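One structure is given below, encoded as structure tokens.
Note that the structure is a prediction, hence the values are computed from the model and not measured. Chain letters run A, B, ... following the sequence lines, proteins first and then strands; every chain starts at 1.
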Amino acid sequence: MSELAAGRPGGTTPSQTVGPYLSIGLTWDDGPYVVPEGTPGAFWIRGRLFDGTGAPVPDGMIETWQCDPDGRFDHPDDPRGAAPSSVPGFRGFGRSRTDAEGRWAVLTVRPGRVPDGTDGRQAPHLDVSVFARGLLDRVVTRLYLPDESNANAQDRVLNAVPAERRPTLVAAAGPDGLVFDIHLRGDDETVFFAI
Amino acid sequence: MTSPDTRAYRRIPADERPPLLFPGYASTVQRAPAQPLEYLPHMLTELTGPLLGEGRVGPLDHDLTRQHVGEPQGQRIVVHGRVLDEDGRPVPRTLVEVWQANAGGRYRHVTDTWPSPLDPNFTGTGRALTDDQGRYEFVTIKPGAYPWRNHDNAWRPAHIHFSLFGRAFTQRLVTQMYFPDDPLFFQDPIFNSVPDPVARQRMVSRYDHGATQEQWALGFAFDIVLRGREQTPFEDEDDDE
């Protein structure tokens with residue numbers, strides 16, 4: 001029984017750090033492309049990853065996950081049914097390593113709004129995972145859009161975060177899309193979520 | 001059938017996962033968040049996730065010994081197992097990514113300066129897709145231990161990095177597979193960052209004589225258990241789909 005190798009049933013395999021060499025195993029040429037280049041409405045989300053001293057993290061990886069512009073997921077666990085996206089080539093998933101200056105980027109389209117599990121709808125958002133040497137587990141944050149102030153004001157998750165820290169979850173307008181810097185620690189520390 | 005959207009994933013108890021701040025592993029000190037984590041309810045974005053698979057795995061991607069013209073140096077091994085959730089259900093057709101050092105403990109990465117030789121016939125990366133029963137298999141060589149500068153005379157136990165997606169954002173896991181009876185466990189802060197010694201053992205593979213191939217390769221079994229659903233009122237197989 002190979003199950004024995006995993007120890008007692010009912011417990012998970014623990015997380016471990018990706019280490020400094022994640023890029024040999026986890027980076028894909030098409031990783032940053034949530035949508036193919038040339039997709040109408042596509043824009044870049046660019047950011048930098050910083051540590052508690054303000055230094056860039058050059059050996060990290062950012063992953064994003066989001067619904068499509070219609071607010072749909074092509075996934076069987078969506079109770080509304082798996083819906084192939086109206087955007088050709090939409091993957092929902094983005095993956096970018098950080099470079100020597102801590103920079104990362106994904107090309108995507110604006111997510112729609114999805115039900116929030118009560119009576120409301122969530123503001124457009126991306127779920128974001130951060131992996132790096134020195135992170136024994138990934139850390140998770142959310143990215144909200146700067147031009148959605150009404151929707152953001154109604155968002156259940158955003159509103160549960162202390163008001164003074166909420167701005168760390170909202171991207172800024174950038175030259176070819178949005179800018180979203182992530183601070184793992186320190187005065188500008190990004191809000192991270194327990195999931 | 002029950003509506004799957006209302007079924008959150010089980011939160012992992014603190015003693016079964018490493019803390020973000022673990023000063024014994026020096027790099028955590030400036031990278032672990034200082035603020036407490038905010039609670040994120042599991043809603044649609046968290047209950048879904050990328051279903052990556054077909055098209056991303058080539059026919060030889062699971063065999064790290066056949067990616068070059070010649071054969072890599074080292075002890076050939078077969079690593080196999082299943083990807084399961086905590087309820088024992090297999091996770092079928094899911095992408096498994098691995099990366100590792102060569103037999104001398106050196107990664108094919110520009111910043112790895114450990115002066116053990118690079119192996120021209122070994123890259124150290126692989127991908128596989130689990131089958132309908134959640135099974136995967138890799139053929140590779142046993143990675144070597146290597147020194148790092150974390151603490152006095154620090155050496156990482158031999159390990160293979162594993163990356164898994166499961167079927168939901170909440171299930172995403174990156175871990176390391178270790179080898180049984182490694183003498184370096186006692187001094188390794190990464191391995192020992194997991195508080196519960198039972199949970200820690202879930203990262204250790206098992207020598208599998210049944211998977212060992214005569215005159216060819218040693219076998220190791222390594223099952224990977226992802227988070228299960230918080231509530232499973234009925235064990236109805238139809239609930240899987």
Side-chain angles (χ1 to χ4, degrees), chain A residues 2-26 51-53 57 65-67 73 75-79 91-93 114-117 122 125 127 129 131-140 157 160-161 184-185 189 191-195, chain B residues 3-5 12 16-18 20 22 27-28 30-35 37-40 43-50 81-82 86 88 97-99 107-109 111-112 124-125 161 163 169-170 172-176 190 193-194 198-199 201-203 205-206 221-227 241:
Chain A
S2 61
E3 278 81 355
L4 290 175
R8 65 166 191 248
T12 53
T13 307
S15 171
Q16 295 274 272
T17 178
V18 291
Y21 309 125
L22 67 94
S23 64
I24 70 169
L26 292 182
D51 72 11
T53 69
V57 174
W65 174 244
Q66 64 172 95
C67 65
F73 295 99
H75 194 286
D77 289 348
D78 186 328
R91 192 172 63 196
F93 176 71
V114 296
D116 71 0
Q122 301 184 66
H125 66 274
D127 274 5
S129 299
F131 302 83
R133 170 179 64 86
L135 289 177
L136 285 160
D137 199 353
R138 66 169 167 164
V139 290
V140 168
V157 172
V161 171
L184 291 171
R185 193 179 180 89
E189 184 174 314
V191 169
F192 297 104
F193 292 96
I195 62 160
Chain B
S3 173
D5 66 302
I12 300 174
E16 294 183 25
R17 54 185 160 83
L20 288 168
F22 192 74
S27 297
T28 68
Q30 287 300 341
R31 292 188 169 191
Q35 300 289 328
L37 302 182
E38 298 288 331
Y39 176 81
L40 184 62
M43 296 186 280
L44 284 173
T45 317
E46 292 74 39
L47 295 174
T48 57
R82 295 174 75 197
E86 285 177 282
E97 296 165 290
V98 296
W99 69 105
Y107 287 88
R108 183 170 288 282
H109 190 285
T111 66
D112 188 351
T125 67
H161 295 270
S163 164
F169 182 82
T170 54
R172 181 88 177 89
L173 177 70
V174 171
T175 188
Q176 299 180 22
I190 294 178
S193 64
V194 177
V198 176
Q201 289 304 314
R202 292 187 204 115
M203 301 184 290
S205 59
R206 174 177 61 88
F222 182 56
D223 288 348
I224 300 152
V225 183
L226 305 178
R227 300 163 70 173
E241 298 302 327

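- Between the side chains of Arg133(A) and Ser27(B), at least one donor N or O lies within less than 3.5 Å of an accepting N or O.
- Of the residues considered (Leu226(B), Val174(B), Thr111(B), Val194(B)), Val174(B) shows the highest number of contacts with chain A, using heavy-atom pairs under 4.5 Å.
- Residue contact with chain B, scored on non-hydrogen atoms closer than 4.5 Å, involves the backbone and the side chain of Val18(A) alike.
- Between Trp99(B) and Ser23(A), the side chains place no donor N or O within less than 3.5 Å of an acceptor N or O (distance only, hydrogens not considered).
- A heavy-atom distance below 4.5 Å is found between the side chains of Leu37(B) and Phe192(A).
- Here the shortest heavy-atom pairing between His75(A) and Leu47(B) reads CE1-O, 4.1 Å.
- Heavy atoms closer than 4.5 Å to chain B are found in the side chain of Val140(A), but not in its backbone.
- With sequence neighbours excluded, the residues satisfying side-chain contact (heavy atoms from CB on, under 4.5 Å) with Thr175(B) are Thr13(A), Gln16(A), Phe162(B), Leu173(B), Met203(B).
- Counting all heavy atoms, side chain and backbone alike, Pro20(A) lies closest to His109(B) at O-NE2, 4.0 Å.
- Interface remark: Glu97(B) contributes side-chain atoms only to the contact with chain A (heavy atom separation under 4.5 Å).
- Within the 4.5 Å cutoff, the side chain of Phe131(A) has no heavy atoms near those of the Ser163(B) side chain.
- Residue Val161(A) touches chain B through both its backbone and its side chain, counting heavy-atom pairs closer than 4.5 Å.
- Scored by the side-chain contact (heavy atoms from CB on, under 4.5 Å) test, Ala160(A) finds no partners at all (sequence neighbours excluded).
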